[in-house]
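One structure is given below, encoded as structure tokens.
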There are 2 protein chains.
Amino acid sequence: MQLSTLCLGLLLAEPMTGYALKGKVIGTLGHFQHASFGALYPALGSLEAGRFVTSDRSGSTGLGKRLYAITESGRGEFTERLAEVSAAENFRSDFLSALYFADQLALDDIERLIDERLANHRAERRRLLALPIASMTEGQRFTVRYALSMRNAAIEFLHGEGRASVAVIRHERY
Amino acid sequence: MQLSTLCLGLLLAEPMTGYALKGKVIGTLGHFQHASFGALYPALGSLEAGRFVTSDRSGSTGLGKRLYAITESGRGEFTERLAEVSAAENFRSDFLSALYFADQLALDDIERLIDERLANHRAERRRLLALPIASMTEGQRFTVRYALSMRNAAIEFLHGEGRASVAVIRHERY
DNA sequence: GTGCGTTATATCGATCCGATAAAATTATAT
DNA sequence: ATATAATTTTATCGGATCGATATAACGCAC
């Protein structure tokens, strides 16, 4: 899903600044989406050019606050785009890329990578468990449970097989 | 990991055409990496400009075959880049993006998305199980098992909760 | 020799990103 | 009330990636 579509969807609930939109994506949708300022402001600019959002700068000067709000035609555009979204997912892993070439890596580096990956999964699981489930729709809760099931599996796998795999790699080497 | 680094790593084993390199990424590393021609040929071009690879066009004409081979300084460059790789992962899901806004989606569309996601996970699990494990290093097998654990978790989750979630969404709506 | 399917190279406009820069607003301390 | 610090906010750049599209070389069957 393009970032511009995501912005439209989030603006359905309430007008927001660009900075708040980014915070919302990272804080509430971060288990399956991302946003950077480098992409966000151009996306908002093109939504505004297409009259799907407006931006209100009253009450601020220069590069001050701009509240973005969705328009009626923006609502329609979001509905159309949402109906056409596929079930696609996209996963990239520097961690697995490195492990794929484990025979070229120092054993210490391999252990460090596994520890770092495990720590990252645990942190993200904590973050997911801390989300305010009570005020979410079922669709939103579904995304959290789905992401949790995958994080749990990765944690269980790394915790159970991480050390053993390093031992096999060591054995393969000597 | 940048695609150019991946190319260096794959060329350690044997020289390959650009087309074969893409096939190798998609076929053997597809559970954690991707490559497109749009990125691959420019990456090979910049590796050649940096003298990390050479390309041999003898035996072909015009836009004919080019065999890319890693150089000695390419091997060194790969070793340096590999040592600096982090444990980062990056996950994006149009599927979860759509489900996040499930209250704006037709129930039929929600069911279709879940079915499509489940089918995709099953197909990828079959592909992973069909990989030639016997001729892989332990690091390579590790990547397959890790990816399998996550696909299994997603399949179990969708199979177990998919229908129930649609029922809750239906109930929330009426 | 011809035709077809596969292999192969290549590029474009669009989207995204991390890094960086600058400035406005808000909060806090005095 | 004022000054300072922290947070919020906008913005852009060069670089990487992508899907789509175009073109052509190669290999194989007949």
Side-chain angles (χ1 to χ4, degrees), chain A residues 1-8 15-27 29-30 32-50 53-68 81 84-86 88-94 97, chain B residues 1-8 15-27 29-30 32-50 53-68 81 84-86 88-94 97:
Chain A
M1 185 185 270
Q2 278 179 304
L3 187 51
S4 59
T5 308
L6 210 62
C7 291
L8 285 178
M16 272 182 270
T17 61
Y19 183 91
L21 264 167
K22 183 182 188 240
K24 183 77 177 184
V25 172
I26 302 297
L29 287 74
F32 59 87
Q33 276 291 358
H34 185 64
S36 67
F37 291 127
L40 185 71
Y41 286 104
L44 288 170
S46 86
L47 286 173
E48 193 161 21
V53 307
T54 57
S55 72
D56 174 16
R57 317 178 71 102
S58 59
S60 64
T61 63
L63 285 181
K65 262 182 178 178
R66 293 169 74 167
L67 266 193
Y68 292 90
R81 291 189 191 187
E84 287 163 15
V85 168
S86 80
E89 289 185 341
N90 180 308
F91 172 71
R92 301 284 178 270
S93 177
D94 282 358
S97 298
Chain B
M1 186 184 274
Q2 277 178 308
L3 186 52
S4 58
T5 307
L6 209 62
C7 290
L8 285 178
M16 273 182 268
T17 60
Y19 185 88
L21 264 167
K22 182 184 188 235
K24 183 79 177 182
V25 173
I26 301 299
L29 289 73
F32 60 87
Q33 277 292 359
H34 184 65
S36 66
F37 291 127
L40 186 70
Y41 287 106
L44 288 170
S46 86
L47 286 172
E48 193 162 21
V53 306
T54 56
S55 72
D56 174 16
R57 319 177 69 102
S58 60
S60 64
T61 63
L63 285 180
K65 261 180 176 175
R66 291 169 75 167
L67 268 191
Y68 292 89
R81 291 188 189 188
E84 287 163 15
V85 168
S86 80
E89 288 185 341
N90 180 308
F91 172 71
R92 300 284 178 271
S93 177
D94 282 357
S97 298

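Residue numbering restarts at 1 for every chain, and letters A, B, ... go by the order of the sequence lines.
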State, to 0.1 Å, how close [X] and [Y] come at their nearest heavy-atom pair, and which atoms those are.
X	Y	value
A/Leu44	A/Gly18	CD1-CA, 4.0 Å
B/Ser93	A/Gln33	O-NE2, 4.1 Å
A/Met16	A/Leu67	C-CD2, 3.6 Å
A/Tyr19	A/Tyr41	N-OH, 3.4 Å
A/Glu48	A/Thr54	OE2-C, 4.0 Å
A/Leu47	A/Ser4	CD1-O, 3.5 Å

Looking at [X], does any N or O in its side chain come under 4.0 Å of the phosphate oxygens OP1/OP2 on [N]?
X	N	value
B/Thr17	C/dA8	yes
B/Tyr19	C/dT7	yes
B/Arg92	C/dC17	yes
A/Lys65	C/dA24	no

Review point. Can you give the first and last nucleotides of DNA chain D, 5' to 3', that have an atom under 4.0 Å from a heavy atom of chain B?
Key: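 Answer, 5' to 3': D/dA16 to D/dC26.
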
Check your understanding: Where each residue is assigned the nucleotide of DNA chain D containing its nearest heavy atom, which of A/Ala39 and A/Leu67 is assigned the position nearer the 5′ end?
Key ->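 Its nearest nucleotide lies further toward 5', so the answer is A/Leu67.
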
Practice item. Return the nearest nucleotide to the side chain of A/Phe37; candidates are C/dA19, C/dC17, C/dA8. Key: C/dA19

Spacing between [X] atom [atom1] and [N] atom [atom2], to the nearest angstrom:
X	N	atom1	atom2	result
A/His34	C/dT15	NE2	C1'	13 Å
A/Arg57	C/dA23	CZ	C1'	12 Å
B/Lys22	C/dA10	NZ	C1'	13 Å
B/Asn90	C/dC16	CG	C1'	10 Å
B/Leu40	C/dT11	CG	P	13 Å

Exercise for review: Measure the CG-CZ distance between B/Asp56 and B/Arg66 for me, rounded to the nearest 0.5 Å.
Suggested key: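 Atom-to-atom, B/Asp56:CG and B/Arg66:CZ are 10.0 Å apart.
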
Review point. Considering heavy-atom distances to DNA chain C, does A/Gly64 or A/Gln2 have its closest nucleotide positioned more toward the 5' end?
Key: A/Gln2

Practice item. Just call it for B/Gly38: base, sugar-phosphate, or nothing, with non-hydrogen atoms closer than 4.0 Å on any strand. Key: base

